[in-house]
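This report concerns only the one structure given below.
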Amino acid sequence: MLRDAVRSLAEAKIAPYAAAVDEEARFPQEALDALVANDLHAVHVPEEYGGAGADALATVIVIEEVARVCASSSLIPAVNKLGSLPVILSGSEALKKKYMTPLAKGDAMFSYCLSEPDAGSDAAGMKTRAVRDGDAYVLNGVKRWITNAGESEYYTVMAVTDPAKRSKGISAFVVEKSDEGVSFGAPEKKLGIKGSPTREVYLDNVRIPADRMIGEEGTGFATAMRTLDHTRITIAAQALGIAQGALDYAKGYVKERKQFGKPIADFQGVQFMLADMAMKIEAARQLTYAAAAKSERGDADLTFQGAAAKCFASDVAMEVTTDAVQLLGGYGYTRDYPVERMMRDAKITQIYEGTNQVQRIVMARNLP
Ligand SMILES: Cc1cc2nc3c(=O)[nH]c(=O)nc-3n(C[C@H](O)[C@H](O)[C@H](O)COP(=O)(O)OP(=O)(O)OC[C@H]3O[C@@H](n4cnc5c(N)ncnc54)[C@H](O)[C@@H]3O)c2cc1C
């Protein structure tokens, strides 16, 4: 029922704008409005804070169905979870109440600020500092590649509180867009997910109350990594949705397109490509849903499974979207058809929340 509901909404209210959002590289406001109106913008927020209280699998299905028509729009529910999960996992009750309530209502979005210009895969090498000053912390630094920066009201920011301790000297904070000293860089000009703004976040002597720290001092990096264990599964869901969207489009196209006097769907070479695409998608789906169940239960092997799902599903998304372009021939290579957008959008799923090389490092360190 959830899938049917999200699919109809996505097809009616999000899909019609997907090409324009990509072409104009603009924020998908129509998608945000539709998702908020239907309480689908941050479904993971627990009911006690006014949220829908969706479990990890339901959240994955929402993201998958939105990504099937517009990958940029699927980053609304996905990044709302990424940005707010540190607070849900490690924050005080007061922080949860204060920040989850507006998120659940749709009054605010949440971004996640881990990466920096010189700290990507090696996130613990970050330079952003948070220095205690009385009952406040003062933050200085630059966060890079921040999804929905400028659109979000709230930002989970990881910053160094004790440089001598490397990852154990990193703490997490909630920073608000309206805090003095917060500003944003120009939107990045990207290959895909062009509707999702990616900007730098500048922290220039941002003074915030000490109770905005998420959890204890020095636990920020552990919280950031624990968050990714859960949210890599949402990137797997995004990849899965993009791949399914491309397969669905190609499936329809091959029945219409005629060459050599018959629909190209009649050629076995084309049928085999479609069969492989569907097989890979189904394998990615099973891995992703199993990972979502592990996320919900907090299973011991979640770290492996989350990395495996993200890595596998994103590689599948790249393969399947590339094959979808192939099945449309020259038409697939143009912006008159959606599959080239899907191919460009798929690429990011192999890069963010840890590149697929980093996922393989994570899996190797956590072999089942
Ligand atoms: C559109 C977009 C949105 C993003 N959104 C966010 C966000 O909201 N919040 C956030 O915090 N970050 C975000 N990111 C950042 C993203 O997570 C990083 O780009 C990613 O982790 C890679 O870091 P990097 O770009 O510095 O690449 P690098 O770390 O410089 O990696 C370059 C290459 O080296 C490889 N490599 C690095 N180390 C190793 C190793 N040990 N072994 C093998 N290969 C290695 C990588 O796999 C990659 O192929 C976003 C990025 C993009 C492009």
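The figures that follow rest on heavy atoms only: side chains count, while hydrogens, waters and symmetry mates do not. Just so you know, these numbers come straight off a predicted model, no measurement behind them. When a ligand or atom number is given, it counts from 1 through the structure's own listing order. Along the sequence shown, residues carry numbers from 1.
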Using residues 124-138 as the side-chain source, report each donor-acceptor pair under 3.5 Å to any protein atom, sequence neighbours left out, with the distance given to one decimal.
from, atom 1, to, atom 2, distance (Å)
Thr128, OG1, Glu116, OE2, 2.6
Arg129, NE, Val160, O, 3.1
Arg132, NE, Gly134, O, 2.9
Arg132, NH2, Gly134, O, 3.3
Asp133, OD2, Arg207, NH1, 2.7
Asp133, OD2, Arg207, NH2, 3.4
Tyr137, OH, Glu217, OE1, 2.5

Using a cut-off of under 3.5 Å, which N/O atoms of ligand 1 pair up with protein N/O atoms, and what distance separates each pair?
from, atom 1, to, atom 2, distance (Å)
ligand 1, 5 (N), Trp145, O, 2.7
ligand 1, 5 (N), Thr147, OG1, 2.8
ligand 1, 8 (O), Thr147, N, 3.0
ligand 1, 8 (O), Thr147, OG1, 3.3
ligand 1, 9 (N), Tyr112, O, 2.8
ligand 1, 11 (O), Leu114, N, 2.9
ligand 1, 11 (O), Ser115, N, 2.9
ligand 1, 11 (O), Ser115, OG, 3.2
ligand 1, 12 (N), Ser115, OG, 2.7
ligand 1, 14 (N), Trp145, O, 3.4
ligand 1, 29 (O), Ser121, N, 2.9
ligand 1, 29 (O), Ser121, OG, 2.6
ligand 1, 47 (O), Thr355, OG1, 2.6
ligand 1, 47 (O), Gln357, OE1, 3.0

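- Counting only residues at least two apart or in different chains, ring pair (Phe, Tyr, Trp, His ring centres under 6.0 Å) contacts with residues 207-250 are absent.
- For the pair Phe312 and Lys280, the minimum side-chain heavy-atom distance is 4.5 Å or more.
- The other residues sharing a hydrophobic cluster with Val21 are Tyr17, where clustering joins ILVMFWY side chains under 4.5 Å apart.
- Counting heavy atoms from C-beta on, the side chains of Asn356 and Gln359 come closer than 4.5 Å.
- Note: Glu151 CD to Ser196 OG = 9.5 Å, rounded to the nearest 0.5 Å.
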